[in-house]
Amino acid sequence: MFIPEKDKGKTPILEVKNLGIDFGGLTAVDNFNLTLGRTEIGGLIGPNGAGKTTIFNMLTKVYEPTRGEIFFDGKSTKGMSTVDINKAGMARTFQNIRLFDKLTVEENIKVALHHTTNYSLIDGMLHTPKYRHEEFRIRKEAMKYLKIFGMTKTAEYRAGSLPYGAQRRLEIMRALATKPKLLLLDEPAAGMNPSETSELMDTIREIRDRFQIAVFLIEHDMSLVMGICEGIVVLNYGRVIAKGWPEDIQSNPKVIEAYLGKSRGKMEEEEEKEKADIEKALRKGRLESAASGKPDRKEGE
Amino acid sequence: MAERAERILKNIGLRGLKNAVKGNDYRREASISYGILVGGYILLQLLTAAGLISHNLQGQFVPICVYISLAVSLNLVVGISGELSLGHAGFMAVGAFGGVLMSRILGQSMSFEPAIVIISMIFGAIVASIAGFIIGIPILGLRGDYLAIVTLAFGEIIRNLMNVMYFGFVDGKLKFAFNHTIEGIEDTDRIITGAIGATGTKTMSNFTWGLLLCLFTVFIVLNLKNSKQGRAIMSIRDNRIAGESIGLDVRKYKLMAFVVSAALAGMAGCLFGLNYSTLVPVKFNFNTSVLVLVFVVLGGVGNIWGGIIAAALLTVLPETFRQFADYRMLTYAIVLILVMIATYNPSIKSRLNAFLGKIRPKKNKGSSKAKRKKSGKEAE
Ligand SMILES: Nc1ncnc2c1ncn2[C@@H]1O[C@H](COP(=O)(O)OP(=O)(O)O)[C@@H](O)[C@H]1O
Ligand SMILES: [Mg+2]
């Protein structure tokens, strides 16, 4: 992308050259190129099935690319596994949330602090003073992340039982706790309402400023993408059709045709319908609970 | 489409945490587990002192403890690591014969029994963990059913290996042979004689050793669960890909759970071996592995104290059915099926809970909370 002023002259955090992958005979992604600055927020957009998630999967080595090269922090990632990639400093979230459902929120973050938690299996089995000291330390650290995301209250709850927006935020926290240099977010605002989305935008910006890391995100929500991304790549049928600053992308006729223009009206229509469905369901739920005489519980926010 | 609406609904409708579920309370889990073990021990000791326990049942005390310990250690693999293992009896066998062998060797020069028991149990744990390591490395790349099948085969291999192994003393020296008796050995100097198994073992186990074994096993497993290693193991169970994405080495932690579980099974096996003067390898067949798995499943996969209760009851139960003679195992199986249905069928389970709730209205906050949660869900 266009490296922002502040990152000029430094090794880009990510450099991708001619990346491509085939599934069977089908080319899912082809000839993908990207340069991402060390503290840049980059966006990857495109219609469903364009190959965005597949690119994330290649970057994190969930898939091995068929063609091309990836340089992370100046080093080729050839031959590295998903685990190596994370250890090198790349962390991600998933489009279909992948949390450790049966563990608590706090434990989800603690497990991401695994590599900085310093005690042996024997310490773990016997709960030695060293264990207690380290657990105390990482508990405090986990709480620090929870605080940034305003989720301190959720610490003791099972991750899988949280509301959707909270799960998305927890996934970002977990990725952050591995202390990455690059954070990949796959549709972080999916399923969030507008107020949650704008809150998320602030959080992403805050993360970047505070930890001085790069963020590369896939998102359908245009207010988010246009609001926080410094550079944007547009993908369609596995190929880049446009690349540039948010303003340029918005006015690029190719993009409008492939993505924005064609689907905008439709998307709004669908959203209206969804809202109506939800309201109906909510009303029904309230009536039912009133009829059965169950008291409304008031807890949490 | 509908799915997305549902998600947004969840977001709006479940604002806050009213439907969220609290996570595992390690302290509570530990106190219940230790409480059951120590309470059960004291109760049975008192009943025995009062002469209320048949001689037959008293003989079951050590096996009950051994099975409890096995259920707890298998839970480490099945519940905490999320892999199905059908070879637990194999590790038990390795520990049993290894431990018996060690006790005989030590018995030559030592007379202080507690030391012999402890060293033999540690030795049993070590040999079983080595077996676990050797088996674990090649198979832990496998998943689900494949792993179950291979562990099953392993259990059988171990048992068959035991069938052809001979250990004994000749002129005070330990001798080993495969598939034939050892030259010049006296009957009294045999330790392990192929399919006849371990003979002439000096029995050193008792109920107190059994209790200590159970406490130790629970201590290790629960501590492990609440440690960075345990969290890594459970994370990989919950979501392998996410585990890799935060840098967890999947094989390493699967193997760790498997080896620790094998070591604990070996320890239990050793105490089992020290409980009988004669021990045949056939004791450690596939049925035993399945039996322990049944304890785990019945007690609730991952639920340590549930497994403890299930193991204790199901070890005693077959003895109770002795009067049915030929129909004993059949009755046992039927009871097992009924209990499984009762615990796993949601509608029966909720009725059972409601019934229990009526008996004890104030107690058991957890289940009433769960019930409220359910009604909340229905209202949505
Ligand atoms: N493992 C796979 N095997 C076969 N096809 C795949 C695989 N993963 C992705 N694809 C295909 O690649 C294309 C891009 O998918 P994806 O990257 O998920 O799109 P999106 O841009 O919506 O994230 C789709 O046509 C999808 O069917
Ligand atoms: Mg996608």
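To find a chain, count down the sequence lines: A is the first, B the second, and so on, and within it residues start at 1.
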Heavy-atom pair of closest approach, residues B:Gly23 and A:Arg158: CA-CG, 3.8 Å

Enclosure of A:His115 NE2 (heavy-atom neighbours >12, cutoff 6.0 Å): yes

Centroid separation B:Tyr253 to A:His114 less than 6.0 Å: yes

Engaged part of A:Glu135 at the chain B interface, taking heavy atoms whose separation is under 4.5 Å: side chain

Heavy-atom side-chain contact between A:Thr104 and B:Asn24 under 4.5 Å: no

B:Lys22 side, atom NZ; A:Ser161 side, atom OG - distance, nearest 0.5 Å: 10.5 Å

Non-hydrogen atoms of A:Val111 and B:Leu248 that approach each other most closely: CG2-CD1, 4.0 Å

Whether over 12 other heavy atoms sit under 6.0 Å from B:Trp209 CH2: yes

Side chain proximity check, A:Lys102 to B:Arg237, heavy atoms < 4.5 angstrom: yes

Stepwise side chain to side chain contact (heavy atoms under 4.5 Å, CB included) test for A:Thr82 and B:Ile241: CA-CA 9 Å; A:Thr82 306; B:Ile241 292 177; over 6 Å; no

Proximal component of A:Leu99, with respect to chain B [non-hydrogen, under 4.5 Å]: backbone

Criterion side chain to side chain contact (heavy atoms under 4.5 Å, CB included) against B:Ser245, the qualifying member of A:Glu171, A:Met90, A:Arg92, A:Lys61: A:Arg92

Over 12 non-hydrogen atoms of neighbours within 6.0 angstrom of OH in B:Tyr26: yes

Side chain / backbone / both / neither for B:Val260 at chain A, heavy atoms under 4.5 Å: side chain

Atom CD of B:Glu29 with >12 non-hydrogen neighbours under 6.0 angstrom: yes

Contact summary for A:Lys87 and B:Gly247, nearest pair of heavy atoms: CE-O, 3.8 Å

Heavy-atom proximity to chain B below 4.5 Å, by part of A:Ser120: backbone

Side-chain donor/acceptor of B:Asn239 to backbone N/O of A:Phe100, under 3.5 Å: no

More than 12 heavy atoms from other groups under 6.0 Å of NZ on B:Lys252: no

Portion of A:Thr60 that has a non-hydrogen atom of chain B nearer than 4.5 angstrom: neither

Residues of residues 217-236 of chain B contacting chain A, heavy-atom criterion under 4.5 Å, by residue number: B:Phe219, B:Ile220, B:Asn223, B:Leu224, B:Asn226, B:Ser227, B:Lys228, B:Gln229, B:Arg231, B:Ala232, B:Met234, B:Ser235

